[in-house]
Asker: 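Before anything else, here's the structure in question.
Numbers for residues simply follow the sequence, beginning at 1.
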Amino acid sequence: MGRVTSSTADLWHHYGRTRASADREVPTAFHWTWGQDAGPGPEVLGDLTDKCVGDLGAGAARHAAYLAARHQPARVVAVDASPAQHAMATDLYGHLAPRLCVVHSDVVSHLHATAATYNVLYSVFGAVDFTDPGKVLPAAAAALRPGGRLVFSTLAHYLSGKPAEPDVVPADIAAKRPDGEAATMRRWVLQEHVWTKALDAAGFTQIDVDVLPAPSEGPRTADTLLVSACLPK
């Protein structure tokens, strides 16, 4: 998701491990919402038949596995900077190769190295959340083919209920090092017009932002912003 190097603790080391030990199946649904239980599905991405698709900050690659197994893309590339998440995704869904390709890489570096490769890029609370928009959005534009599409879901507000930021500034959120020691990582929680402005600056057009309300009450429910934009043809 964010940049992880050999000298940087993998702050995603613990994420998803409990689920991966019990749930190893290819998902039967694809959701954009924070709760992963409602709202639109993969139809938001358009027809993926024979398309090259990239999942930015794929984590355990559950969304990518769904698309590779249940649609007909030419290829789905699941990119994540976390060694632990890459290993988990490979263990869970390596059998879906070559249609699913699991890549261990910093997302911005990968996008710059794959210029004009992708028809569709997406992020479900992934790398777009945890990477400076001034870096990841131009990199995504460079990696898309003319007319290509970027779609991502992100928090509409902080989990505490605090409003999203009115400017492109990150917040430090709690995380855990592999040894269990407390740490922080940066997350961008931005208002709708801020995302729109950042996408426009990166060269995107046909920018659309929808608010998907949280479907239920609870301590960690949150509204979702579903953002889509296109690269000019």
Side-chain angles (χ1 to χ4, degrees), residues 1-6 8-45 48-111 113-114 117-131 143 151-154 175-180 185 187 220 224:
M1 293 185 180
R3 182 181 294 274
V4 177
T5 68
S6 59
T8 303
D10 183 357
L11 300 182
W12 297 99
H13 178 83
H14 299 282
Y15 187 79
R17 285 183 176 273
T18 300
R19 180 180 178 184
S21 66
D23 179 6
R24 301 183 58 82
E25 299 301 316
V26 174
T28 58
F30 182 118
H31 294 296
W32 296 96
T33 54
W34 176 252
Q36 290 292 287
D37 56 3
E43 67 274 6
V44 175
L45 297 171
L48 300 181
T49 304
D50 296 328
K51 301 291 178 62
C52 184
V53 182
D55 185 333
L56 308 181
R62 293 184 182 277
H63 289 90
Y66 172 89
L67 295 178
R70 305 184 187 281
H71 292 255
Q72 297 295 319
R75 196 181 195 199
V76 181
V77 182
V79 187
D80 205 288
S82 162
Q85 294 296 303
H86 173 263
M88 195 183 307
T90 301
D91 177 54
L92 288 171
Y93 304 120
H95 64 282
L96 295 177
R99 179 163 285 174
L100 175 63
C101 177
V102 180
V103 174
H104 176 215
S105 175
D106 169 70
V107 164
V108 173
S109 298
H110 173 80
L111 292 171
T114 53
T117 294
Y118 290 100
N119 302 103
V120 177
L121 292 170
Y122 72 92
S123 171
V124 182
F125 301 100
V128 175
D129 273 29
F130 295 95
T131 312
V151 184
F152 61 92
S153 59
T154 184
K176 211 167 39 169
R177 299 180 187 277
D179 61 6
M185 66 174 68
R187 184 173 207 158
R220 286 180 58 82
T224 298

Asker: Shortest non-hydrogen contact from A84 to D10?
Answerer: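 Shortest heavy-atom separation between A84 and D10 comes out as N-OD2, 3.0 Å.
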Asker: Could you tell me whether a side-chain N or O of H104 sits under 3.5 Å from a main-chain N or O of A81, the two making a donor and an acceptor?
Answerer: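 Yes; at least one donor-acceptor contact below 3.5 Å.
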Asker: Would you call Y93 and V102 a side-chain contact if the rule is heavy atoms closer than 4.5 Å?
Answerer: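 Of all side-chain heavy-atom pairs linking V102 with Y93, none is under 4.5 Å.
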Asker: Considering all heavy atoms of both residues, which atom of A68 and which atom of P73 are nearest to each other, and what is their separation?
Answerer: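 Reported closest heavy-atom pair: CA-CG, 4.2 Å.
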Asker: Can you give me the closest heavy-atom contact between R99 and H71, atom names plus distance?
Answerer: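 Taking R99 first and H71 second, the nearest heavy atoms are NH1-O, 3.7 Å.
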Asker: Can a donor-acceptor pair be found, under 3.5 Å and without considering hydrogens, that links the side chain of D80 to the backbone of H86?
Answerer: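 Checked: no pair found.
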Asker: If you look at every heavy atom in A60 and Q85, which pair is closest and at what distance?
Answerer: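 It is N-OE1, 3.3 Å.
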Asker: Could you tell me which non-hydrogen atom of Y66 sits nearest to which non-hydrogen atom of P42, and how far apart they are?
Answerer: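 Scanning both residues, the minimum pair turns out to be CE2-CG, 3.7 Å.
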Asker: Under a 4.5 Å cut-off applied to non-hydrogen side-chain atoms, are F125 and T224 in contact?
Answerer: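 Yes. Closest side-chain heavy atoms under 4.5 Å.
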Asker: Rounded to the nearest 0.5 Å, how far does OG1 of T49 lie from CG of N119?
Answerer: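 The distance works out to 11.0 Å.
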Asker: Could you tell me whether the side chain of V76 reaches within less than 4.5 Å of the side chain of H63, counting heavy atoms only?
Answerer: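 Counting from C-beta outward, H63 and V76 never come under 4.5 Å.
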Asker: Mind checking the OG1-CH2 spacing from T154 to W34? Nearest 0.5 Å is all I need.
Answerer: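 Separation between the atoms: 9.5 Å.
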Asker: Is any side-chain heavy atom of L121 closer than 4.5 Å to one of L56?
Answerer: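 Heavy-atom side-chain distance check passes, below 4.5 Å.
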Asker: In the structure I gave you, are the side-chain heavy atoms of F30 and R70 within less than 4.5 Å of one another anywhere?
Answerer: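 Of all side-chain heavy-atom pairs linking R70 with F30, none is under 4.5 Å.
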Asker: Any chance you could lay out the side-chain contact (heavy atoms from CB on, under 4.5 Å) test for S123 and D129, step after step, and finish with the verdict?
Answerer: CA-CA 8 Å; S123 171; D129 273 29; 5.5 Å; no
Asker: Looking at OG1 of T131 and CG of D106, how far apart are the two atoms once the value is rounded to the nearest 0.5 Å?
Answerer: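 Going from OG1 on T131 over to CG on D106, the span is 7.0 Å.
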Asker: For Y122 and L67, what are the C-alpha separation, side-chain angles and deciding distance, and is it a side-chain contact (heavy atoms from CB on, under 4.5 Å)?
Answerer: CA-CA 12 Å; Y122 72 92; L67 295 178; 3.6 Å; yes
Asker: Taking all heavy atoms of A127 and all of V107, pick out the closest pair and write down the distance.
Answerer: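 Closest heavy-atom pair between A127 and V107: CB-CG2, 3.7 Å.
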Asker: Does Y118 form a side-chain contact (heavy atoms from CB on, under 4.5 Å) with V77? I'd like the steps, not just the answer.
Answerer: CA-CA 9 Å; Y118 290 100; V77 182; 3.4 Å; yes
Asker: Are R75 and P98 packed together at the side-chain level, in the sense that at least one heavy-atom pair is separated by less than 4.5 angstrom?
Answerer: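 A side-chain contact is absent here, since even the closest heavy-atom pair is not under 4.5 Å.
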Asker: Given R62 and L92, is the side-chain contact (heavy atoms from CB on, under 4.5 Å) satisfied, shown in steps?
Answerer: CA-CA 9 Å; R62 293 184 182 277; L92 288 171; 4.0 Å; yes
